[in-house]
Amino acid sequence: MTSDGPGIFTATSAYSLAGVAAMAFIATTGAKVLLPKNARWQDSFTFIWLAFDALIHFSFEGSFLYLSTFGRTVNSSVGPFAELWKEYTRADARWGVSDPTVVSLEILTVLGAAPMCCYIIRQIVKDDPARHYWIIVLSTAELYGGWMTFCPEWLTGSPSLDTSNPLYLWVYLVFMNVIWVVIPIWLMWDSYGHIAGSLRRVQAVTKTKKN
């Protein structure tokens with residue numbers, strides 16, 4: 001599919017990316033304020049990611065959910081968030097017409113993943129090791145959501161995707177989705193290390209006592 005619309009970079013593009021940058025700044029500031037200075041870099045990074053993740057889910061994707069349910073669509077709506085999502089629909093047209101698969105996934109994302117992010121952030125602040133279980137649960141859900149967002153589209157020849165514009169392809173479609181693959185995989189790997197390491201230490205202590 002090719003683009004017949006506006007140029008490579010518009011005012012809405014700038015506002016949208018500025019909003020993403022602002023959320024990253026808020027998340028980073030939150031980590032500096034709420035975590036101790038000697039916190040592990042892995043915990044600081046996880047806090048920042050989860051705070052950023054929650055902000056994106058609640059604000060951007062929450063607005064999409066509102067604009068795409070009860071008979072509404074992004075394409076027929078007006079307002080700042082409608083314009084933001086109309087910008088993204090130039091890369092992926094499904095988001096403008098209340099595609100049922102996309103909306104179904106966003107319901108889980110906004111109502112499930114976003115609150116879970118906040119819960120894990122609270123656990124990080126309290127240094128609760130139970131967070132590692134929930135990080136794996138959340139990361140698995142994020143990976144599943146990404147797969148189900150794009151796999152059905154790929155299997156049908158990607159009729160809704162516009163890859164002719166470098167901004168749409170590399171920023172909207174690739175970068176803004178790949179980070180929700182790469183970072184959850186890293187989080188799962190890090191948390192797996194904590195959980196497996198703890199269980200192995202317990203097992204070693206138990207064997208020592210038996211001997």
Side-chain angles (χ1 to χ4, degrees), residues 20-21 23-62 64-65 101-102 104-155 170-211:
V20 172
M23 291 180 192
F25 174 78
I26 293 170
T28 303
T29 302
K32 291 180 179 178
V33 171
L34 295 174
L35 295 182
K37 292 183 178 180
N38 62 345
R40 297 169 61 249
W41 73 263
Q42 292 93 335
D43 291 333
S44 297
F45 178 82
T46 302
F47 181 106
I48 292 169
W49 168 253
L50 293 174
F52 174 77
D53 200 16
L55 288 168
I56 291 289
H57 291 336
F58 278 129
S59 60
F60 285 4
E61 291 171 280
F64 167 79
L65 199 57
T101 299
V102 171
S104 297
L105 290 169
E106 287 302 323
I107 290 172
L108 292 176
T109 299
V110 175
L111 302 182
M116 192 179 296
C117 286
C118 297
Y119 178 67
I120 298 171
I121 287 171
R122 180 173 178 271
Q123 290 183 312
I124 293 174
V125 172
K126 295 174 65 178
D127 197 24
D128 184 351
R131 66 185 180 273
H132 293 293
Y133 168 79
W134 293 108
I135 286 173
I136 290 176
V137 172
L138 174 66
S139 298
T140 302
E142 299 269 26
L143 291 171
Y144 175 78
W147 177 259
M148 289 306 299
T149 297
F150 286 102
C151 186
E153 183 69 7
W154 295 332
L155 291 174
W170 296 110
V171 179
Y172 294 171
L173 293 176
V174 176
F175 178 74
M176 294 306 295
N177 287 286
V178 166
I179 58 174
W180 266 272
V181 174
V182 174
I183 295 178
I185 289 175
W186 178 83
L187 290 175
M188 293 175 75
W189 175 81
D190 183 61
S191 288
Y192 167 79
H194 283 276
I195 293 172
S198 297
L199 292 174
R200 287 166 183 153
R201 285 190 292 272
V202 170
Q203 185 181 60
V205 170
T206 301
K207 288 181 177 180
T208 301
K209 288 181 177 179
K210 287 181 178 179
N211 295 331

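Since the model is a prediction, treat every value here as computed from it, not as a measurement. Below, all heavy atoms of this structure are taken into account, side chains as well, without hydrogens, waters or symmetry copies.
Between the CZ atom of Phe47 and the SG atom of Cys117 there is a distance of 11.5 Å, given to the nearest 0.5 Å. The CZ atom of Phe52 lies 8.0 Å from the CD1 atom of Ile183; values are rounded to the nearest 0.5 Å. Atoms CG and CD1, from Leu65 and Ile107 in turn, are 5.5 Å apart once rounded to the nearest 0.5 Å. Here the CH2-CD1 distance, from Trp189 to Ile136, works out to 12.5 Å after rounding to the nearest 0.5 Å. Note that CD1 of Ile195 and CZ of Arg200 are 11.5 Å apart. Values are rounded to the nearest 0.5 Å. Interatomic distance, CZ of Phe25 versus CD1 of Ile48, reported as 11.5 Å (0.5 Å rounding).
Under the 4.5 Å side-chain criterion, counting only non-hydrogen atoms from C-beta, Ile56 is in contact with Glu61. Side-chain atoms of His132 and Tyr192, non-hydrogen and from C-beta on, never get closer than 4.5 Å to each other. With a 4.5 Å cut-off on side-chain heavy atoms, Trp147 and Val181 do not count as touching. Residues Leu50 and Leu138 have side chains in contact (heavy-atom distance under 4.5 Å, counting atoms from C-beta outward). Counting heavy atoms from C-beta on, the side chains of Pro115 and Phe58 come closer than 4.5 Å. Considering only heavy atoms from C-beta on, Phe60 comes within 4.5 Å of Val20 through its side chain.
In this structure, Tyr172 and Asn177 approach most closely via the heavy-atom pair O-ND2, 3.1 Å. The minimum heavy-atom distance between Ser44 and Ala31, with the atom names listed, is O-CB, 4.3 Å.
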Check residues 118-129 and write down every donor-acceptor pair under 3.5 Å in which the side-chain atom is one partner and the other belongs to a residue at least two apart or another chain.
unit_1: Tyr119; atom_1: OH; unit_2: Gln123; atom_2: NE2; d: 3.4
unit_1: Asp128; atom_1: OD1; unit_2: Ala130; atom_2: N; d: 2.9

The test is side-chain contact (heavy atoms from CB on, under 4.5 Å); show your working for Phe64 and Val102 and say whether it passes.
CA-CA 10 Å; Phe64 167 79; Val102 171; 3.8 Å; yes
Step-by-step side-chain contact (heavy atoms from CB on, under 4.5 Å) determination, Ser139 to Ile185
CA-CA 7 Å; Ser139 298; Ile185 289 175; over 6 Å; no
Set out, in order, the CA-CA distance, both residues' side-chain angles and the distance that settles side-chain contact (heavy atoms from CB on, under 4.5 Å) for Met188 and Ile135, then state yes or no.
CA-CA 7 Å; Met188 293 175 75; Ile135 286 173; 5.9 Å; no
Does the pair Trp186 and Gln42 meet the rule for a side-chain contact (heavy atoms from CB on, under 4.5 Å), with working shown?
CA-CA 10 Å; Trp186 178 83; Gln42 292 93 335; 3.8 Å; yes
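Judged purely by distance below 3.5 Å, without hydrogens or angles, the side chains of His57 and Glu142 pair a donor atom with an acceptor atom.
Taking the six-membered ring for Trp and the full ring otherwise, Trp180 and Trp49 have centroids separated by under 6.0 Å.
With sequence neighbours left out, Asp43 forms a side chain to side chain donor-acceptor pair (under 3.5 Å) with Arg40, Arg131.
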